[in-house]
Amino acid sequence: MSDFIIRPLVASDVEKVKKLHATLVPVSYPPSFFLHLLIQNSHSCLIALEPSTDEPVAWVSASLQKSNSSLIRSPEPHIQILTLGVLPEYQHRGLAKRLVWEVIASLHNDPSVPVPPVYTHVCTTNTPAQAFYEHIGMRLLPGSNPSGAPYVAKNLYNYPPAWTDHVTVPASRLFESRDAYVLVGKVTG
């Protein structure tokens, strides 16, 4: 793995990160989403730069939720991974894992307190992302039904009209569904 430069998002990065985001994730986020990543202390966005070009090749964004969550059934604070993306040619090099660890560290800076649970939403058809999160210690949130099937957030994703016009859809159709699973856990090495 080349030695990627990982640093916080700054205002001059926003347009490049928006383009990177649109390339990898067909979910449309409003401009206020990126503004919150810049100005709110409870949010963090890290980008990974290719050292030879100084261009962003990956990013992660997360927020620290200080209130309890009935969704993940936790009375303690928790971290939500909001978005994560790595260009295909940079995948499988440990970069996503490194970004997740570093964004958690950026939001949890009190070593006297255990790292809070982490959760995220993943499209039900995005099995590579589900496998990644399970690999780092997160698990599908069980539903409340007797079958033990995972909880599904219905119609969570809102794709812009004709989103396939600006995104190359992989053969596996990672974002075919609008529904998402919730994955939660303590992130491990």
Side-chain angles (χ1 to χ4, degrees), residues 4-10 13-14 17-18 20-21 24-25 27 29-30 32-49 56-86 90-91 93-124 126-144 150-153 156-158 174-175 179-189:
F4 295 99
I5 300 163
I6 295 180
R7 65 169 173 75
L9 178 77
V10 294
D13 299 323
V14 170
V17 171
K18 280 183 184 179
L20 183 61
H21 194 280
L24 296 172
V25 182
V27 180
Y29 287 85
S32 61
F33 173 80
F34 296 95
L35 180 62
H36 285 215
L37 296 176
L38 288 170
I39 65 172
Q40 290 194 349
N41 289 339
S42 62
H43 287 65
S44 180
C45 181
L46 302 177
I47 60 173
L49 304 172
V57 297
W59 84 93
V60 64
S61 64
S63 66
L64 177 63
Q65 309 292 319
K66 293 195 179 198
S67 62
N68 67 2
S69 170
S70 59
L71 172 65
I72 65 167
R73 303 171 192 122
S74 173
E76 60 190 81
H78 52 280
I79 293 173
Q80 180 182 6
I81 303 293
L82 302 169
T83 58
L84 172 64
V86 179
Y90 296 94
Q91 293 176 5
R93 299 183 187 186
L95 186 54
K97 185 177 180 178
R98 183 174 163 200
L99 282 166
V100 169
W101 270 107
E102 290 195 27
V103 82
I104 290 169
S106 74
L107 291 168
H108 175 74
N109 49 18
D110 185 350
S112 68
V113 176
V115 175
V118 177
Y119 83 98
T120 194
H121 296 95
V122 175
C123 186
T124 57
N126 191 345
T127 54
Q130 293 166 34
F132 165 75
Y133 285 113
E134 288 176 348
H135 176 73
I136 63 170
M138 299 169 75
R139 300 289 174 253
L140 289 171
L141 181 70
S144 58
Y151 172 82
V152 176
L156 182 69
Y157 297 114
N158 183 17
L174 300 178
F175 293 94
D179 298 341
Y181 290 127
V182 176
L183 287 101
V184 64
K186 298 280 185 175
V187 173
T188 60

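If you read the sequence from its start, that first residue is 1, and numbering goes on from there.
Looking at heavy atoms from C-beta onward, Lys18 lies out of side-chain contact with Tyr29 at the 4.5 angstrom threshold. The side-chain heavy atoms of Thr83 and Val25, taken from C-beta on, include no pair separated by under 4.5 Å. Contact of the Asp13 side chain with the Val10 side chain is registered, since non-hydrogen atoms from C-beta on lie closer than 4.5 Å.
Note: His21 and Trp59 have tilted aromatic rings, judged against thresholds of 30 and 60 degrees for the angle between ring planes.
Ser42 and Ser63 share no donor-acceptor pair across their side chains, judged by distance under 3.5 Å alone.
Of the possible polar contacts, none joining the Thr120 side chain to the Leu183 backbone as a donor-acceptor pair under 3.5 Å is found. Side chain of Lys186 to backbone of Gly137: no donor-acceptor contact under 3.5 angstrom is found. Between the side chain of His108 and the backbone N or O of Val113, at least one donor-acceptor pair lies under 3.5 Å.
Of all non-hydrogen atoms in Tyr181 and Gln130, the two that sit nearest each other are CD1-NE2, 3.6 Å. Glu134 and Arg139 make their closest contact through O-NH1, 2.7 Å (heavy atoms, listed as atom of the first residue, atom of the second, distance). Closest of all the heavy-atom pairs between Val100 and Ile81 is CG1-CD1, 4.3 Å. Minimum heavy-atom separation, His43 to His36: CB-O, 3.7 Å. Here the shortest heavy-atom pairing between Leu95 and Ala48 reads CD1-CB, 3.8 Å. Contact between Ser61 and Leu37 at its shortest, heavy atoms only, is CB-CD2, 3.6 Å.
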### Task
Evaluate side chain to side chain contact (heavy atoms under 4.5 Å, CB included) for Phe33 paired with Leu82, printing each intermediate quantity in order.
CA-CA 10 Å; Phe33 173 80; Leu82 302 169; 4.1 Å; yes
### Task
Any chance you could lay out the side chain to side chain contact (heavy atoms under 4.5 Å, CB included) test for Tyr133 and Leu84, step after step, and finish with the verdict?
CA-CA 11 Å; Tyr133 285 113; Leu84 172 64; 3.3 Å; yes
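When the options Val118, Val115, Ile79 are evaluated for a side chain to side chain contact (heavy atoms under 4.5 Å, CB included) with Leu107, the one that passes is Ile79.
How far CD of Gln65 is from OH of Tyr119: 5.5 Å, rounded to the nearest 0.5 Å.
A salt bridge (Lys or Arg N to Asp or Glu O under 4.0 Å) check over residues 101-118, counting only residues at least two apart or in different chains, returns the pairs Arg98-Glu102.
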